[in-house]
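Here the structure is laid out as structure tokens; the discussion comes afterwards.
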Amino acid sequence: MATSPLSVTSKPPSVTRLRHQRPPLTPVRVSAAAVTTTTGMPDHHHPSLEITGGGADRFLPAFNTLHLHYKPFPIIGWNRHLETIFAAFFRTVPEVKYRRECLRTQDNGTIALDWVYGDHRSLPSDSPILILLPGLTGGSQDSYVKHMLAKAKSKGWRVVVFNSRGCANSPVTTPQLQTASFTADTCHVVDHVSSRYPIASIYAVGWSLGGNILVNYLGREHHRCSLSGAVSLCNPFNLVIADENLRKGFNNIYDRALRGGLSRTFEKHASLFEEMHDEYNVQEGLNPRTVREYDEAITRVSLGYKSVDEYYSNSCSCHVVQHVRIPLLCIQAANDPIAPIEATPYSDIKDNPNCMLIVTPQGGHLGWVAGDDAPFGAPWTDNVVIEFLEHLRKNASKLE
């Protein structure tokens, strides 16, 4: 579970905690047999989906999947912890051969892009491109990433995995690793891909912390964003709330798994931090008791924040959803133990004509063990995501 893409977060003393209220939703009827939105939690025999967002009516024609009930796989899909752990350990991992490209950033850092081997020769230059952003400590090796990659590739898409600094055994050349709010690397990657394939449309999908990074990019860099559409899955959105949640009860097991992955990555590159005269606490970075302790010792220092609370409160993608200017689909699980549903910015999503939110009653964190491919195959969300992206690609001129 060291590379499991679970999310991070925390609680700022000087910042008012913002809990996003789940307003009563107007039912959205897809068809006579379709899914309808509801605020009640359905049972596992007849589950339904919540669908809302300012762009819901605009994007609903994209989906065939939503005409079917969400059916979690028996037993596994009925418990959020069982589903989360099962997906992390027992989901199949498709065979994918990568070709790695390393980019040098303005601060002399290194970003590793993993392209599907052979696509640069076999695909036309105008093939749609999908950039994948894995979660915390995750990378191109993860099963959920490879499943999405395989699905998109089968539709003729060119796919590239954006591994955050230090992830997926990528080289580290500066004292900075993966963070929740540093959008400069995302800008660099999107600009690089755009310049390499200038006539192709580019889209992005981010999971968990990768979803938070992606939405931060869409909101903060909306004036220069060259993506044509994006999808965020199990995004923690409000890292203040998510940090509190991560340290409660059984969730401590995810906290331990994540800080283990963080400290192992840090250990490989600790010498870079030892040479710095900043406030880095290298020993605590090597042996943190929690993700929060790691972020206090290392992450917040690399970004210049005075405390981990300041880092978390300034890294919440929920604050920038209102500024998103391209089609954005957000998919959350109501029972996610890592990205709590109360952190989801319902009101801002509902007020933004470019956004749509789908909430499944079950799913855990990066689980979604449901549908025809359950229990060992691709998550239920993969078909939904590709339907949305294909709709955007085919109707690009109509959606502008």
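Position 1 is the first residue of the sequence, and the numbers go up from there. Computed from heavy atoms alone, side chains included, the values below leave out hydrogens, waters and symmetry copies. Since we're looking at a predicted model, the values are computed, not measured.
Taking the six-membered ring for Trp and the full ring otherwise, the centers of F63 and H391 sit at least 6.0 Å from each other. A ring-centre distance under 6.0 Å is found for F273 and F266.
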Inset, instruction - Any chance you could lay out the salt bridge (Lys or Arg N to Asp or Glu O under 4.0 Å) test for K306 and E310, step after step, and finish with the verdict? - result: CA-CA 7 Å; K306 295 179 180 178; E310 184 183 18; over 6 Å; no
Inset, instruction - Test side-chain contact (heavy atoms from CB on, under 4.5 Å) on V231 and Y203 and set out the steps. - result: CA-CA 8 Å; V231 182; Y203 305 80; over 6 Å; no
Legend entry - Chi angles and distances behind the side-chain contact (heavy atoms from CB on, under 4.5 Å) call for L233, W368: CA-CA 11 Å; L233 300 103; W368 285 301; 4.1 Å; yes
Inset, instruction - Step by step, work out the salt bridge (Lys or Arg N to Asp or Glu O under 4.0 Å) result for K153 and D119. - result: CA-CA 9 Å; K153 182 173 170 55; D119 279 359; 2.8 Å; yes
Inset, instruction - Applying side-chain contact (heavy atoms from CB on, under 4.5 Å), run through Y346 and V359 and close with a yes or a no. - result: CA-CA 11 Å; Y346 273 82; V359 181; 3.5 Å; yes
Inset, instruction - Start with the C-alpha gap between R80 and E83, add the side-chain angles, then the distance that decides, and say whether salt bridge (Lys or Arg N to Asp or Glu O under 4.0 Å) holds. - result: CA-CA 5 Å; R80 60 180 184 166; E83 186 168 16; over 6 Å; no
Inset, instruction - Decide yes or no on side-chain contact (heavy atoms from CB on, under 4.5 Å) for S302 and L177, but give the supporting numbers first. - result: CA-CA 8 Å; S302 68; L177 299 173; over 6 Å; no
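Summarising the geometry of S127 relative to A200, their closest heavy-atom pair is O-CB, 3.3 Å, with the distance given to 0.1 Å. Across all their heavy atoms, E279 and V301 have their closest contact at N-CG1, 3.8 Å. A pairwise comparison of heavy atoms in I341 and A333 identifies CD1-O, 4.3 Å as the closest pair. Considering every non-hydrogen atom in both A62 and E387, the closest pair reads O-CB, 3.6 Å. Contact between Q178 and T137 at its shortest, heavy atoms only, is OE1-N, 3.0 Å. Closest approach of L286 to E267, counting heavy atoms only: CD2-CA, 3.6 Å.
Checked by atom type and distance alone, the side chain of N212 pairs as donor or acceptor with a backbone atom of S317 at under 3.5 Å. Of the possible polar contacts, one joining the R58 side chain to the P353 backbone as a donor-acceptor pair under 3.5 Å is found. Remark: the backbone N or O of V240 is not paired with any side-chain donor or acceptor of D243 at under 3.5 angstrom. At least one donor-acceptor pair closer than 3.5 Å links the side chain of N335 to the backbone N or O of G364. N352 places a side-chain N or O within 3.5 Å of a backbone atom of N354 that can act as its donor or acceptor partner. Judged purely by atom type and a 3.5 angstrom limit, N216 uses its side chain to pair as donor or acceptor with the backbone of A180. Side chain of R220 to main chain of H323: no donor-acceptor pair is present (N/O by atom type, distance under 3.5 Å, no hydrogens or angles). With hydrogens and angles ignored, the 3.5 Å screen pairs no side-chain donor or acceptor of R325 with any backbone N or O of C225. Under the 3.5 Å distance criterion, the side-chain polar atoms of E296 are matched with a main-chain donor or acceptor of V308. Side-chain atoms of N235 never come within 3.5 Å of backbone atoms of C330 as a donor-acceptor pair (strictly under, hydrogens ignored).
Crowding of E101 atom CD: a count of heavy atoms from other residues, nucleotides or ligands under 6.0 Å exceeding 12. For CG of N169, the number of neighbouring non-hydrogen atoms (other residues, nucleotides, ligands) closer than 6.0 Å is 12 at most. For CG of D372, the number of neighbouring non-hydrogen atoms (other residues, nucleotides, ligands) closer than 6.0 Å is 12 at most. In the displayed structure, R289 atom CZ is contacted under 6.0 Å by at most 12 heavy atoms of other residues, nucleotides or ligands.
At a threshold of 4.5 Å between non-hydrogen side-chain atoms, the residues V193 and W115 count as touching. At a threshold of 4.5 Å between non-hydrogen side-chain atoms, the residues T179 and Y311 count as touching. Here the side chains of T84 and L366 are not in contact, with every heavy-atom distance at 4.5 Å or above. Using a 4.5 Å heavy-atom threshold, the side chains of R165 and S170 count as separate. Looking at heavy atoms from C-beta onward, F59 lies in side-chain contact with P327 at the 4.5 angstrom threshold. Side-chain contact between E342 and N238 is absent, with no heavy-atom pair separated by less than 4.5 Å. In this structure, the side chains of V145 and V96 stay at 4.5 Å or more apart for every pair of heavy atoms. Two residues are said to be in side-chain contact when any heavy atoms from C-beta on lie closer than 4.5 Å; I51 and M356 meet this criterion.
By the criterion of side-chain heavy atoms lying less than 4.5 angstrom apart, applied directly or through intervening Ile, Leu, Val, Met, Phe, Trp or Tyr residues, I199 is not grouped with V160; the two fall into different hydrophobic clusters. Under a hydrophobic-cluster definition in which Ile, Leu, Val, Met, Phe, Trp and Tyr are linked whenever side-chain heavy atoms come within less than 4.5 Å, directly or via other members, I253 and F90 are assigned to the same cluster. L123 and I386 fall into different hydrophobic clusters, where Ile, Leu, Val, Met, Phe, Trp and Tyr side chains are chained together by heavy-atom contacts under 4.5 Å. Placement of F73 and F376 within a single hydrophobic cluster is found when ILVMFWY residues are connected by side-chain heavy-atom separations under 4.5 Å, directly or transitively. By the rule that hydrophobic residues join a cluster once side-chain heavy atoms approach within less than 4.5 Å of another member, I298 and M276 end up as members of one cluster.
D309 and S307 are not linked by any side-chain donor-acceptor pair at a separation below 3.5 angstrom, with hydrogens and angles left out of the test. Side-chain contact, S313 with H319: no donor N or O sits under 3.5 Å from an acceptor N or O.
Interatomic distance, CZ of R91 versus CG of D142, reported as 11.5 Å (0.5 Å rounding). Between atom CD1 of residue I213 and atom CH2 of residue W207 there is a gap of 13.0 Å, rounded to the nearest 0.5 Å. The NE2 atom of H222 sits 14.0 Å away from atom CG of L227, with the distance rounded to the nearest 0.5 Å. Atom CD1 of residue I338 and atom SG of residue C234 lie 9.5 Å apart, to the nearest 0.5 angstrom. In this structure, the separation between CD1 on I349 and OG1 on T344 is 6.5 Å, given to the nearest 0.5 Å. Between atom CD1 of residue I129 and atom CZ of residue R393 there is a gap of 13.0 Å, rounded to the nearest 0.5 Å.
Applying side chain to side chain contact (heavy atoms under 4.5 Å, CB included) to K146 and the options L132, V161, V93, T92 leaves one that passes, V93.
The ring pair (Phe, Tyr, Trp, His ring centres under 6.0 Å) contacts involving residues 165-185 comprise nothing, where partners must be two or more places apart or lie in separate chains.
Taking the six-membered ring for Trp and thresholds of 30 and 60 degrees, Y70 and W380 have ring planes more than 60 degrees apart, a perpendicular arrangement. Note on ring orientation: taking the six-membered ring where Trp is involved, the planes of H120 and Y117 are perpendicular (angle over 60°, cut-offs 30° and 60°).
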